[in-house]
Amino acid sequence: MTNIQMIALDMDNTLLLPNKTLSEKNTRVLKKLHQNGKKIVLTTGRPLPNVKNFITQLGLNQPNDHVILFNGGLIKNIHTDQNILDKHFIIADVTDIFNVIANLNLSIDIVSPDSVFSIKDFGQSHYVDLVGQLIPYFESTLSQLPPALTFNKFVVCADESELDYLETVLQHTPLLTQNLSFVRSRRMLLEFVPHGVNKGTALSKLLAHFSLTSENLMAFGDEENDFAMLRLAKVSVAMDNAIPSIKQVATHTTKSNQQDGVAVFLEKYFD
């Protein structure tokens with residue numbers, strides 16, 4: 001008899017189809033498990049406005065339903081809108097690393113809970129194409145930003161080779177990164193969050209909130225930012241389209257996101 005009580009799901013390239021929609025099959029299987037008492041937790045790098053319609057589709061609006069946003073920087077009770085974790089930056093925290101990134105001619109976008117700010121000082125970003133129209137998107141210079149602005153992450157969207165080089169630079173300058181963590185959520189997107197923030201740490205906190213442990217957790221993912229939660233979970237599932245290191249850490253693999261791999265695995269496991 002399985003003791004899995006919580007199912008944590010990365011979204012992009014895991015739960016969602018390549019066109020960023022929820023399939024009928026994934027929706028049906030997850031709604032049934034939720035109705036049977038399983039905790040379904042969307043665990044994503046996205047801000048809330050870019051998750052809300054999926055929360056509605058899956059019916060995740062009960063008093064104990066939570067969502068994990070910003071790669072583990074924010075845990076929100078969907079029903080009450082209360083946060084049980086909120087790790088964020090202010091501009092003073094990131095000035096030095098912004099300068100290094102700018103010197104490499106890379107763009108920067110700041111992502112707060114309800115807005116995205118593309119920093120004009122650092123050139124045009126392609127992040128707007130990824131984040132879409134669901135969250136307000138502003139172009140702003142650093143000096144124009146609201147003085148009291150807090151934000152849960154900032155991102156660099158660039159070619160894979162440019163991000164590889166940036167990561168190498170950062171790995172050789174540990175002083176710059178002592179107050180933050182960085183991780184790829186896609187090959188062309190490097191995300192920066194406060195130090196110690198990851199999906200695994202957030203899930204540990206949410207499990208403890210419900211007096212559960214990692215023995216009660218199943219998790220699905222495909223990218224570097226899913227590593228910590230897959231390593232935590234008793235049952236960890238890599239998508240067929242996952243990067244090789246994620247397949248290595250997972251206890252199971254399933255079909256690709258294009259083939260409803262989440263639903264395929266869940267139906268077999270809970271049959």
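Using a 4.5 Å cut-off on side-chain heavy atoms (C-beta onward), V67 and I75 make no contact. Y269 has its side chain within reach of V235: a pair of non-hydrogen atoms, C-beta onward, lies under 4.5 Å apart. In this structure, T254 and V262 have side chains that are not in contact, with every pair of non-hydrogen atoms separated by 4.5 Å or more. Side-chain contact between I91 and L142 is present, with heavy atoms from C-beta onward closer than 4.5 Å. Considering only heavy atoms from C-beta on, S204 stays 4.5 Å or farther from T201 through its side chain. Counting heavy atoms from C-beta on, the side chains of L69 and V51 come closer than 4.5 Å.
Neither side chain, D164 nor S161, offers a donor N or O lying under 3.5 Å from an acceptor on the other. No side-chain N or O of E139 forms a donor-acceptor pair with one of S118 less than 3.5 Å apart. Donor-acceptor pairing under 3.5 Å is recorded for the side chains of D86 and N152. Between the side chains of Q171 and T168, no donor-acceptor pair is found at a separation under 3.5 Å. If you check the side chains of T141 and D121, you find no donor sitting under 3.5 Å from an acceptor.
The stretch residues 8-64 participates, sequence neighbours left out, in no ring pair (Phe, Tyr, Trp, His ring centres under 6.0 Å) pair at all. Listed by first and then second residue, the side chain to side chain donor-acceptor pair (under 3.5 Å) pairs involving residues 205-215 amount to none (not counting sequence neighbours). Here ring pair (Phe, Tyr, Trp, His ring centres under 6.0 Å) pairs that include residues 214-239, with residues two or more places apart or in two chains, are F220-F265. Identified under the ring pair (Phe, Tyr, Trp, His ring centres under 6.0 Å) test for residues 125-145, with sequence neighbours left out: F117-F138.
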Are N13 and M239 close enough, and set up right, to give a side-chain contact (heavy atoms from CB on, under 4.5 Å), and what steps lead you there?
-> CA-CA 8 Å; N13 299 318; M239 310 306 291; over 6 Å; no
Step by step, work out the side-chain contact (heavy atoms from CB on, under 4.5 Å) result for L145 and I110.
-> CA-CA 10 Å; L145 289 172; I110 286 174; 3.8 Å; yes
K32 and E267: salt bridge (Lys or Arg N to Asp or Glu O under 4.0 Å), yes or no, with the steps?
-> CA-CA 10 Å; K32 184 179 176 186; E267 281 192 318; over 6 Å; no
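For F210 and H66, the ring centers sit closer than 6.0 Å to each other.
More than 12 heavy atoms of other residues, nucleotides or ligands sit less than 6.0 Å from atom CD of Q144.
Here the closest non-hydrogen pair linking C157 and S125 is CB-OG, 4.5 Å. Nearest heavy-atom pair, L189 versus L163, reported as atom, atom and distance to 0.1 Å: N-CD1, 3.4 Å. The two residues M229 and L203 make their nearest non-hydrogen contact at CB-CD1, 3.5 Å. Closest heavy-atom contact between A242 and K247: O-CE, 3.6 Å. Closest approach of A263 to K25, counting heavy atoms only: CB-CG, 3.7 Å. In terms of heavy atoms, P113 sits closest to T150 at CD-O, 4.2 Å.
Rounding to the nearest 0.5 Å gives a distance of 8.0 Å between NZ of K20 and CG of N257. Atom CG in L266 sits 11.5 Å away from atom NZ in K268 (nearest 0.5 Å). Rounding to the nearest 0.5 Å gives a distance of 9.5 Å between CD1 of I68 and CG of L74.
Residues meeting the side chain to side chain donor-acceptor pair (under 3.5 Å) test with T253, sequence neighbours left out: none. Annotation: side chain to side chain donor-acceptor pair (under 3.5 Å) contacts of E167 (sequence neighbours excluded): R184. Partners of D81 by salt bridge (Lys or Arg N to Asp or Glu O under 4.0 Å), not counting sequence neighbours, listed by chain and number: K76. Contacts of E223 classified as side chain to side chain donor-acceptor pair (under 3.5 Å), with partners at least two apart in sequence or in another chain: R187. T44 pairs by the side chain to side chain donor-acceptor pair (under 3.5 Å) definition with nothing, not counting sequence neighbours. Every residue two or more places apart in sequence or in another chain was checked for a ring-ring contact (aromatic ring centres under 6.0 Å, His included) with Y165, and none qualifies. For K255, the side-chain contact (heavy atoms from CB on, under 4.5 Å) test picks out Q259, V264, with sequence neighbours left out.
N225 pairs with exactly one of N71, N198, D10 by the side chain to side chain donor-acceptor pair (under 3.5 Å) rule, that one being N71. For the pairing with F89, the ring-ring contact (aromatic ring centres under 6.0 Å, His included) check across F192, F151, F70 returns one residue only, F151.
Side-chain atoms of N77 come within 3.5 Å of backbone N or O of T80 as a donor-acceptor pair. A donor-acceptor contact shorter than 3.5 Å is absent between the side chain of N216 and the backbone of L207.
F122 and V155 fall into different hydrophobic clusters, where Ile, Leu, Val, Met, Phe, Trp and Tyr are joined by side-chain heavy atoms under 4.5 Å apart, directly or via other members. Residues I7 and V41 do not share a hydrophobic cluster, clusters being chains of Ile/Leu/Val/Met/Phe/Trp/Tyr side chains in contact below 4.5 Å.
Between D12 and R46 there is a salt bridge, since a side-chain N of the basic residue sits under 4.0 Å from a carboxylate O of the acidic one.
Residue V197 shares its hydrophobic cluster (ILVMFWY side chains chained together at separations under 4.5 Å) with V193.
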